[in-house]
Structure formats: C-alpha cells, structure tokens
Amino acid sequence: MPNLSTQIEEVVITPIAIGDPPLLNAAGLHAPYALRNIVQVKTRGNVTGIAEVPGGVGILHALEASKELLIGADIFQFNLLAYRIKEFFQKKSDENRGDKPWDQRKAVHVISAFEVASLDIMGKELNRRVAELLGGVFRERVPFAAYLFYKHEGAGGEWGFATDPKATGWEAERQKAALTPEDMVRQAVEMCRYFGFKSIKLKGGVFEPKEEVAAIRALAKHFGPQIPLRFDPNAVWSPQTARRWGKELEPMLDYLEDPVRGQQEMAALRKELKVPLATNMCTTSFAQLKSSVEWGSEDIILSDHHFWGGLRASMDLYKICTIFGRGFSMHSNSHLGISLAAMIHLGAALPVFAHALDTHYPWQVDEVIEGGKIHFEDGMAKLPEGPGLGVSINQEALKQLHQNYLHCGLKERNDEVEMQKVIPGWKFMPTRY
C-alpha cells in the first residue's frame, strides 16, 4: 500500500552562478562564473531532499520538463521514476558524450539530481546516512587530491580578473597566474599545505606537451615518490604524441588520464605504456562498458554520479570495475557542498579505495549549504553525521547565488568563447598536439 507521506508534492529547481577563477583547460578558459542547478524535492510528509548538478539552460529545461514525471510518485520507488525519465529522453539526439569538451547529456543529469534528492529524503525518513543506504560505511573520512590548473591571474566572480592584494596563503595562490612549471609547484605547495592533500593531479592539454611534462617533472622532483601524481591532457594528444610523452611520464605518474580520444586509441596506447590509463571521457556510460572490456581501453574508470545517473549507479559501476579488474575513482567539476557531500557518501561506501578523489572544491569560495564550506583535514573530508546527505541549504545564500545567475548573463558553459576574449580566434580542437 503506498505511503502518502513519501509521495513527491513539489519540485523546485534554482539555477545559480558561483565564482570561478580563470582556469585553463583543453576546451579554453573558465568564465568568471560557473553554473549549477540546485534541486529541492518536497514530500507530502514535509521532508525535503536536495541535490546539485551542472548548470546551463539545457539541463535546467530538462529538469523542469521532468518535474511532471515526479509529482505524486513515491520516492522509495525510484527505479520506476528513473525508467520514466529514460523513456522521456530516449529520443533526444544529444544523449551521447561524443567529442564534446565536457559531458552535456540530459537524462543522466536529471536522474542523478532526483536520485540524490530522493536518497536524502529516504535517509531522513529512516534516520540513516546516505552512505548506509549505499551499502554501509567503510570509512568516516574520504581522501581527495589536490587539483592543479594552469590559470590566468584572477579570482573569478565579482572580482573577475582582479585580485585582492591583501590575500595570503592559499587564497593568494588561488588568485595568482600559474603558467610555468615553477608556478605549478608553488600552487601545489600552497594547496597541499592548506588542505593537507596527499596526492596531486595536474589538468593539462593547455600548452605544448614538452611544457606540461616539465611541470610534472618539477612536481615529482619537489614532492618525491611519496606523493602520487596524476596528469590529464583531456584527450587532445595524438597517438604519436601520447606514445612519446607517455613513456617519459611513466616513472612519475600514479596514472595518466585520457591522453588520447576514444576507446580504440586508448586501447592501442594501453599496449605500449606501462603507466595505468584512466578515463572519464572514453568510457562514460554503461552501454560502453562492453566495448571497454573487449578493447581493454583503460585501467581506471573515473566515475561521476552526475554523469553516470546517480550514486547507486556509481556503486553498480564500482562493482563492474571490480569484476573486470578495473580501478575506480571519481571525476570532478566546479561544484559546491551538496555535490561534495554526495561524493563523500559514495567514497565512504566503497569497500576498496585505491585512488584519492578529484575535486574542484578548493577553487570555489561561494557556498550554498548551512555552516559554510566543508573542511578538509589531512587531505580528507569527514562524512557528514546527520541523516540523508547531512547537509542543508542556506536559503539566503541560494537567493544570492540565483541573483548572480540572473545578473551574470551566462546561460551555458562555453570555455571557447571565454578563451577568445584573451586569444582572438582561438578554437577548441579535439586533437591539438
């Protein structure tokens, strides 16, 4: 018999804009604001679940269009809801990851948003943490990695390309330009000192491979073998470039992420390099896992619950990775505390934890949750103690960040356009080097 108190009564979607420094990547340059969508799902029993997913009008419209599928549904019957959402989007033409600089599929974002909010409600109804609903808590603290970026000077948000001359420590480093190997070492030192991270990732695909390999070499020399390094050229290397520089990087890396594009190119490179290959670009859906296994295209899959259809889907992916000898970790995007809390719950529920998770979180200063930003200690984030996700929305902060969205004028992420403001005529190239 249906439980009326756990039926969905209201769904509120709020687009927001958060300050984002001018970080460089293979797709171009981050705008002064990153876009997110905040989801609030309320039941007839007056329990509200929350979630956060990437922003942009495409995903916003998809979330809004899906609301009618949820009203009146029981949050404990989420498999049925997910099926309805998939059916709703199955004829859409943009449901493939393809060669896009980042993942813009709609259905996985919608399912992820409503699944996380539903798990938050379930946890509150049962007085259990989400990690317990995912199978149990294996650890109370989850390790994350320092995420380094080449960048222009600036803090993002209302500061744009300006800096605060009074800033010190990591806050000063967050605003400085970082374009050389020496800059990247300095950035890593400050980030690791402030947050305590014990592993480091460099986002590449920005400069000639020789320059970026020099940065990895400088990091390896400074930090030594006790700090695992990982490097991500974002698939803009040719197979020839990846073979040449991959061999140079082998002694220094924990793993090399997406050096080339597509499962077949990754599989061919896999046969020539000893360093483990990771991906969040060539294997991005359950439909691609069969060919991933057949080709042997990667050693580690970097999940992201926003792009794989939620936390339980990510747990399913972890199990498949275990069966077929794949490692498992997590990809990241510019996010706030709701997404970080969800990542922490997933990380806490993983039976085996071999690689610290990615996070952009240190680059963001805005926050939408009560109590301010989640803290890292010794490179780890503590699993929230309350039921559900264990975090709640600061409604005043949500209003302010929504005003940012209305005033900033951005409707979709486009790093190519932002880069053209600095380098006229610059174009994204799927293979650049």
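None of these values were measured; they are calculated from a predicted model.
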Q: Please give me the minimum heavy-atom distance between Ala51 and Ala113, naming the atom from each residue.
A: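 Smallest interatomic distance, heavy atoms only, reads CB-O, 3.1 Å.
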Q: Sub-3.5 Å donor-acceptor pair from the side chain of Arg139 to the main-chain atoms of Gly347, do we have one?
A: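 Side chain of Arg139 to backbone of Gly347, a donor-acceptor pair under 3.5 Å: yes, one is there.
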Q: Holding to salt bridge (Lys or Arg N to Asp or Glu O under 4.0 Å), I want the full list of residues that pass it with Arg270, two or more places apart in sequence or in another chain.
A: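 Arg270 satisfies salt bridge (Lys or Arg N to Asp or Glu O under 4.0 Å) with Asp299 once adjacent residues are dropped.
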Q: Are the charged groups of Arg312 and Glu115 less than 4.0 angstrom apart, N to O?
A: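 Looking at Arg312 and Glu115, the cut-off is met.
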Q: Between Ser339 (side chain) and Glu52 (backbone), is there a donor-acceptor pair under 3.5 Å?
A: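 Indeed, once roles are kept as given, a pair shorter than 3.5 Å links the two residues.
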Q: Do Ile18 and Leu401 make a side-chain contact, defined as non-hydrogen atoms from C-beta onward lying under 4.5 Å apart?
A: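 Counting from C-beta outward, Ile18 and Leu401 do come under 4.5 Å.
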Q: Kindly indicate, with the supporting measurements, whether the criterion side-chain contact (heavy atoms from CB on, under 4.5 Å) is fulfilled by Asp304 and Leu302.
A: CA-CA 7 Å; Asp304 186 323; Leu302 303 178; over 6 Å; no
Q: For the rings on Phe307 and His331, is their centre-to-centre separation under 6.0 Å?
A: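 Aromatic pair counts; centres sit under 6.0 Å.
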Q: Is Lys221 atom NZ crowded by more than 12 heavy atoms from other residues, nucleotides or ligands, each under 6.0 Å away?
A: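 No, because the 6.0 Å sphere around NZ of Lys221 holds 12 heavy atoms or fewer from other groups.
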Q: Are the charged groups of Glu171 and Lys166 less than 4.0 angstrom apart, N to O?
A: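 Salt bridge flag = no for Lys166 with Glu171.
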Q: For residues 383-395, tabulate all N or O donor-acceptor pairs below 3.5 Å that involve a side-chain atom, not counting sequence neighbours.
A:
unit_1 : atom_1 : unit_2 : atom_2 : d
Glu385 : OE2    : Lys382 : NZ     : 2.8
Asn394 : OD1    : Glu396 : N      : 3.1
Asn394 : OD1    : Ala397 : N      : 3.0
Gln395 : NE2    : Gln40  : OE1    : 3.1

Q: Among residues at least two apart in sequence or on other chains, which ones pass ring pair (Phe, Tyr, Trp, His ring centres under 6.0 Å) with Phe353?
A: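 In terms of ring pair (Phe, Tyr, Trp, His ring centres under 6.0 Å), with neighbours along the sequence ignored, Phe353 is linked to no residue.
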Q: Is the distance between the ring centroids of Tyr433 and Trp245 under 6.0 Å?
A: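 Not close enough - the centres of the two rings lie 6.0 Å or further apart.
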Q: Rounded at 0.5 Å granularity, tell me how far CG in Leu24 sits from NE2 in His30.
A: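 If we round to the nearest 0.5 Å, Leu24:CG and His30:NE2 are 8.5 Å apart.
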Q: Using a strict threshold of under 4.0 Å (side-chain N to carboxylate O), is an ion pair present between Glu64 and Lys67?
A: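 Looking at Lys67 and Glu64, the cut-off is met.
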Q: Could you tell me the separation between the CG atom of Leu350 and the CG atom of Leu357, rounded to the nearest 0.5 Å?
A: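 Going from the CG atom of Leu350 to the CG atom of Leu357 covers 7.5 Å.
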Q: Testing the basics here: between Ala155 and Gln175, what is the closest heavy-atom pair and its distance to 0.1 Å?
A: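 Looking at all heavy atoms of both residues, the shortest contact is CB-CG, 3.7 Å.
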Q: For Ala146 and Cys192, which heavy atoms make the closest approach, and how far apart are they?
A: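 Reported closest heavy-atom pair: CB-SG, 4.1 Å.
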Q: For the pair Lys176 and Asp183, find out whether any cationic side-chain nitrogen is under 4.0 Å from an anionic carboxylate oxygen.
A: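 No, Lys176 and Asp183 are not salt-bridged.
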Q: Begin from the C-alpha positions of His335 and Asn333 and carry the test side-chain hydrogen bond (donor to acceptor under 3.5 Å, both in side chains) through to its verdict.
A: CA-CA 6 Å; His335 61 85; Asn333 48 74; 5.9 Å; no
Q: Carefully, step by step, assess Val365 and Arg174 under the rule side-chain contact (heavy atoms from CB on, under 4.5 Å).
A: CA-CA 10 Å; Val365 294; Arg174 196 181 71 84; 3.3 Å; yes
Q: Distance from Gln400 atom CD to Ile16 atom CD1, nearest 0.5 Å?
A: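 That separation rounds to 11.0 Å.
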Q: What pair of heavy atoms forms the shortest contact from His306 to Val53, and how long is it?
A: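 So the minimum-distance heavy-atom pair works out to CD2-CA, 3.8 Å.
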Q: Could you list the donor-acceptor pairs under 3.5 angstrom formed by side chains in residues 315-324, with sequence neighbours left out?
A:
unit_1 : atom_1 : unit_2 : atom_2 : d
Tyr318 : OH     : Val352 : N      : 3.0
Thr322 : OG1    : Tyr318 : O      : 3.0

Q: Report the C-alpha distance between Gln263 and Ser292 in whole Å, list the side-chain angles of each, state the deciding distance to 0.1 Å, and finish with yes or no for side-chain hydrogen bond (donor to acceptor under 3.5 Å, both in side chains).
A: CA-CA 7 Å; Gln263 289 181 333; Ser292 166; 4.6 Å; no
Q: With Trp308, which of Val108, Ile301, Ile111 fulfils side chain to side chain contact (heavy atoms under 4.5 Å, CB included)?
A: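 Considering Val108, Ile301, Ile111, a side chain to side chain contact (heavy atoms under 4.5 Å, CB included) with Trp308 is found only for Ile301.
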Q: Any idea how Trp237 and Phe231 line up, ring-wise: parallel (<30°), tilted (30 to 60°), or perpendicular (>60°)?
A: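 Ring orientation, 0 to 90° scale: tilted.
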Q: Taking 4.0 angstrom as the limit, do Glu248 and Arg217 come out as a salt bridge?
A: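 Salt bridge between Glu248 and Arg217, a charged N being under 4.0 Å from a carboxylate O: yes.
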Q: Going by atom types alone, do Tyr150 and Gln187 pair a side-chain donor with an acceptor below 3.5 Å?
A: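 Tyr150 vs Gln187: no donor-acceptor pair found between side chains.
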Q: Show which side-chain atoms of residues 202-215 pair as donor or acceptor with protein atoms under 3.5 Å away, not counting sequence neighbours.
A:
unit_1 : atom_1 : unit_2 : atom_2 : d
Lys203 : NZ     : Tyr147 : OH     : 3.2
Lys203 : NZ     : Asp232 : OD2    : 2.9
Lys203 : NZ     : Asn234 : OD1    : 3.2
Glu212 : OE1    : Gly205 : N      : 2.9
Glu212 : OE2    : Gly205 : N      : 3.1
Glu212 : OE2    : Val206 : N      : 2.7
Glu212 : OE2    : Phe207 : N      : 2.8

Q: For Pro233, does its backbone N or O pair with a side-chain atom of Glu257 as donor and acceptor, under 3.5 Å?
A: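 Answer holds: no.
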Q: CE/Met330 to OG/Ser314 distance, rounded to the nearest 0.5 angstrom?
A: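 Going from CE on Met330 over to OG on Ser314, the span is 7.0 Å.
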Q: Do you know which of Val275, Leu229, Ile216 makes side chain to side chain contact (heavy atoms under 4.5 Å, CB included) with Leu256?
A: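 Between Leu256 and the candidates, side chain to side chain contact (heavy atoms under 4.5 Å, CB included) is satisfied uniquely by Val275.
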Q: Which pairs count as ring pair (Phe, Tyr, Trp, His ring centres under 6.0 Å) when at least one residue sits in residues 370-401, sequence neighbours excluded?
A: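 Only Phe144-Phe376, Phe195-Phe376, Phe197-Phe376 qualify under ring pair (Phe, Tyr, Trp, His ring centres under 6.0 Å).
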Q: Could you give the distance from CE (Met281) to CE (Met266), rounded to the nearest 0.5 Å?
A: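 Those atoms lie 9.5 Å apart.
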Q: Take Phe114 and Leu63 through the side-chain contact (heavy atoms from CB on, under 4.5 Å) test and state the conclusion after the steps.
A: CA-CA 9 Å; Phe114 293 137; Leu63 289 165; 4.1 Å; yes
Q: Could you walk me through whether His402 and Leu406 pass the side-chain contact (heavy atoms from CB on, under 4.5 Å) test, one step at a time?
A: CA-CA 6 Å; His402 179 58; Leu406 297 176; 3.7 Å; yes
Q: Any carboxylate oxygen within less than 4.0 angstrom of a Lys/Arg side-chain nitrogen, looking at Glu250 and Lys274?
A: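 Salt bridge flag = no for Lys274 with Glu250.
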Q: For the atom pair NE2 (His305) and CG (Leu134), what is the distance rounded to the nearest 0.5 Å?
A: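 Result: 10.5 Å between the selected atoms.
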Q: Provide the closest heavy-atom pair for Pro22 versus Gly154 in the form atom of the first, atom of the second, distance.
A: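 Here Pro22 and Gly154 meet closest at CD-O, 3.4 Å.
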Q: Can you name the nearest heavy-atom pair linking Ala341 to Ile374, along with the distance?
A: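 Where Ala341 meets Ile374 most closely, the heavy atoms are N-CD1, 4.2 Å.
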